[in-house]
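Quick notes on the structure that follows.
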Number of protein chains: 2
Amino acid sequence: MLSKETLTKLFPDWEDGLYDAILNEAELKEAKAGTTLLKMGQNIKSAMLVVEGTIKLYQEDETGGEYFMYHLNPGEACAVTLVCNYHHEQSQVLAKAVTDIQYLAIPIEFMEKWLNEFKSWHYFVIKTYRSRYEELLKTIHEIAFKNMDERLEFYILKYVKQFGAIVNLTHQDIANDLNTSREVISRLLKKMEHNGWIIMNRNSFDWIKK
Amino acid sequence: MLSKETLTKLFPDWEDGLYDAILNEAELKEAKAGTTLLKMGQNIKSAMLVVEGTIKLYQEDETGGEYFMYHLNPGEACAVTLVCNYHHEQSQVLAKAVTDIQYLAIPIEFMEKWLNEFKSWHYFVIKTYRSRYEELLKTIHEIAFKNMDERLEFYILKYVKQFGAIVNLTHQDIANDLNTSREVISRLLKKMEHNGWIIMNRNSFDWIKK
DNA sequence: ATTGTAGTGTGATATATGTCACCCAATTAA
DNA sequence: TTAATTGGGTGACATATATCACACTACAAT
């Protein structure tokens, strides 16, 4: 059950009335690791705030390709679902649960209302957009200027920062996230192993580069 | 000279006090076409609102590469300069005037203050971030999933939407914006000419594909 | 123990793009 | 008019990445 204590820990800067509004209007939902929470083109009916676990955000191609952009952690929100002004907005991102997660779903009719009512909500929305904008800039920097070996390193470092130095991903997983093929990832990881950057195991590897 | 009429036309949704605040605190500046307004890594000292002309926003590489992301037109603002909370923020984008421009420079110390004081400023900041976030998503979609021929078409269409069907750019200009080389652009344009999509002239070409 | 499957390694080859060299044509400067 | 500069065309080649084919191994299921 959702408690005010949980909320104050996750969102320490909010004003009191906002906690109550959340307790009244938000639904606490759960999802298993691997679940797709939002597809591109899908109508957005509620805002999504992460309570527990990690979500990955992707750009999705019509032909099935995916490109990983950033993680969402507890206390963070999916920017695209913090819609103001319009209903029937379509998602331009793909969101997947990487771990089992809990999240708050807030019907979008409250978004406009809360922007008026709660200053701290207003700040939260701006902070969210700002930080996600910065993540997108980093992503563009990677894709526009770096070769696959550097992008792979950048990708692994993001993983390591989130989950620690033991990378529990198959080559295929990584290839999907970087919109390339398994063979390419296999060969590049082999190079990293030769360079002494990683120790490879089946289904995982350890990042040991200092 | 900056008048209240100009402001109400550019920013029709603002509340009255905000116009006055702008008239008091903002400086109306000018810049010639081609001027660099903001470099990556540069300290941000003021927010930038476009009054007249067009600005191009780029992601910039340490080694001199550039990637064009989107245009800013009158009534729009550079999202990264609408800083809240911190001074000494560094720009993560490169901004260049494409035409002669006029813009408002607002010292960043007012950003925090105005967020508290003016609801319409608060909305303006959110709207700005939201729309720029969407532009970045489109950019990522292009680079992550499309080959250079499609990215070139996307690029030309953005130009045509801004300035009309006569594209006054050299192949080198385009190559710089897409972080590739002139030869690549020359060859792809030649293909487009064969396909009947463009008519080429020296220093320009016409987009005639319907 | 046998079989199946998922994860991985690797050569061969295809394709897209980057790079180099050099040429020519149009415009500008002298 | 001539020379210099800028924009553009194009072949040859280099490189990064994508694709295909197939082999191998660890682990799981039976």
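All values below were derived from every heavy atom in this structure, side-chain atoms included, with hydrogens, water molecules and symmetry-related copies excluded. Throughout, a chain's letter reflects where its sequence line sits, starting with A, and its residues are numbered from 1.
Considering only side-chain atoms of Ser186(A), the nucleotide from dT17(C), dA16(D), dT8(C) that sits closest is dT8(C). Closest contact between the side chain of His171(A) and the listed nucleotides dA25(C), dC27(D), dG9(C) involves dG9(C). Here dA21(D) is the nucleotide among dA18(D), dG8(D), dA21(D) with the atom lying nearest to any side-chain atom of Arg182(A).
Aromatic ring centroids of Phe11(B) and Phe124(B) lie under 6.0 Å apart.
Using a cut-off of 4.0 Å between Lys/Arg side-chain N and Asp/Glu carboxylate O, Lys138(B) and Glu134(B) are scored as not salt-bridged. Salt-bridge check for Glu135(B) with Lys158(B): failed, with every basic side-chain N at 4.0 Å or more from each acidic carboxylate O. Lys146(A) and Glu153(A) are not joined by a salt bridge, as no carboxylate oxygen comes within less than 4.0 angstrom of a charged side-chain nitrogen.
Taking atom CG of residue Leu189(A) and atom P of nucleotide dG9(C), one finds them 8 Å apart after rounding to whole Å. One can place CE of Met192(A) at 15 Å from P of dT8(C), the figure rounded to the nearest angstrom. Note: CD1 (Ile185(B)) to P (dT10(D)) measures 16 Å, nearest angstrom. Put simply, CD on Glu183(B) is 12 Å from P on dA21(C), counting in whole angstrom units. As rounded to whole Å, 11 Å separates atom P of dT17(D) from atom OH of Tyr67(A). Asn179(A) places its CG atom 15 Å from the C1' atom of dA16(D), with the value rounded to the nearest Å. In this structure, NZ of Lys191(B) is placed 19 Å from P of dG8(D), rounded to the nearest angstrom. Whole-Å rounding puts the Arg151(A) CZ to dA16(D) P distance at 14 Å.
Residue Thr180(A) places at least one side-chain N or O under 4.0 Å from the OP1 or OP2 atom of dA18(D).
Judged purely by distance below 3.5 Å, without hydrogens or angles, the side chains of Tyr155(B) and Asp177(B) pair a donor atom with an acceptor atom.
The 5' end of DNA chain D is approached more closely, in terms of each residue's nearest nucleotide, by Arg187(A) than by the other of Asn203(A) and Arg187(A). Position along DNA chain C of the nearest nucleotide to Gln172(A) versus Met148(B) favours Gln172(A) as the more 5'-ward residue.
Backbone-only engagement by Thr170(A) is indicated by non-hydrogen atom pairs under 4.0 Å involving sugar-phosphate atoms exclusively.
Remark: the Arg202(B) side chain and the dT6(D) base include a donor-acceptor N/O pair separated by less than 3.5 Å.
Between Leu18(B) and Trp114(B), the closest side-chain pair of non-hydrogen atoms falls below 4.5 Å. Residues Ile199(B) and Ile208(B) meet the side-chain proximity criterion, which asks for heavy atoms closer than 4.5 Å.
At its two ends the helix from dA1(C)-dT30(D) to dA30(C)-dT1(D) runs along axes set 30° apart, each axis drawn from five pairs and the angle rounded to 10°.
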